[in-house]
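What follows is a set of notes on a single structure, which appears directly below.
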Amino acid sequence: MVPKCASIGDYTRWIAQAVDYTHVEWPGHGRLMILTCPGAASWLGAGIDHDSRAVMVARRLAGQLGVGELVLRWSYGLALLLNGEHVWSERHGISRGQHWGLTLKSGSR
């Protein structure tokens, strides 16, 4: 369970660990995208606007580093989010995910 109102240092260590997992060669699977649960906004505590700029930047940055979120949404059920966008949901199936590859990119751009 993620503590509410955790410090930015706690959040940074948590997301850094998730990013580290994206660099692991998992036996039989290679490198994989990592999903966090609870998602990034849970670190900011109750009462935070989950669509605020700070949360959106956190989600997009994590997504660029290969870290997505598994969240529960009222109208979607369980949903996979990457870069703050719904990729798949329990009630609606694949949405934006049909156009995205989940292969992790490495090297310089």
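Along the sequence shown, residues carry numbers from 1.
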>> Quick check: do Gln64 and Asn83 have side-chain heavy atoms less than 4.5 Å from each other?
In response: yes
Rounded to the nearest 0.5 Å, what separation is found between the [atom1] atom of [X] and the [atom2] atom of [Y]?
X: Arg31; Y: His23; atom1: CZ; atom2: NE2; answer: 6.0 Å
X: Thr22; Y: Asp20; atom1: OG1; atom2: CG; answer: 7.5 Å
X: Glu85; Y: Met56; atom1: CD; atom2: CE; answer: 7.0 Å
X: Leu82; Y: Arg60; atom1: CG; atom2: CZ; answer: 9.5 Å
X: Leu32; Y: Trp26; atom1: CG; atom2: CH2; answer: 7.5 Å
X: Ile15; Y: Asp10; atom1: CD1; atom2: CG; answer: 13.0 Å

> Hey, are Glu90 and Arg73 close enough for a salt bridge, meaning a charged N less than 4.0 Å from a carboxylate O?
Replying inline: no
Hydrophobic clusters here meaning ILVMFWY residues chained together by side-chain heavy-atom distances under 4.5 Å, can you tell me if [X] and [Y] are in one?
X: Leu65; Y: Leu81; result: no
X: Leu72; Y: Trp88; result: yes
X: Leu35; Y: Leu78; result: yes
X: Leu70; Y: Ile94; result: yes

> Parallel, tilted or perpendicular for His92 and Tyr76, by the 30°/60° rule?
Replying inline: perpendicular
>> If I compare all heavy atoms of Arg91 with all of Ser75, which pair ends up nearest, and what's the gap?
In response: NH1-C, 3.6 Å
>> Would the distance check show the side chain of Thr36 and the main-chain N or O of Gly68 forming a donor-acceptor pair, the cut-off being under 3.5 Å?
In response: yes
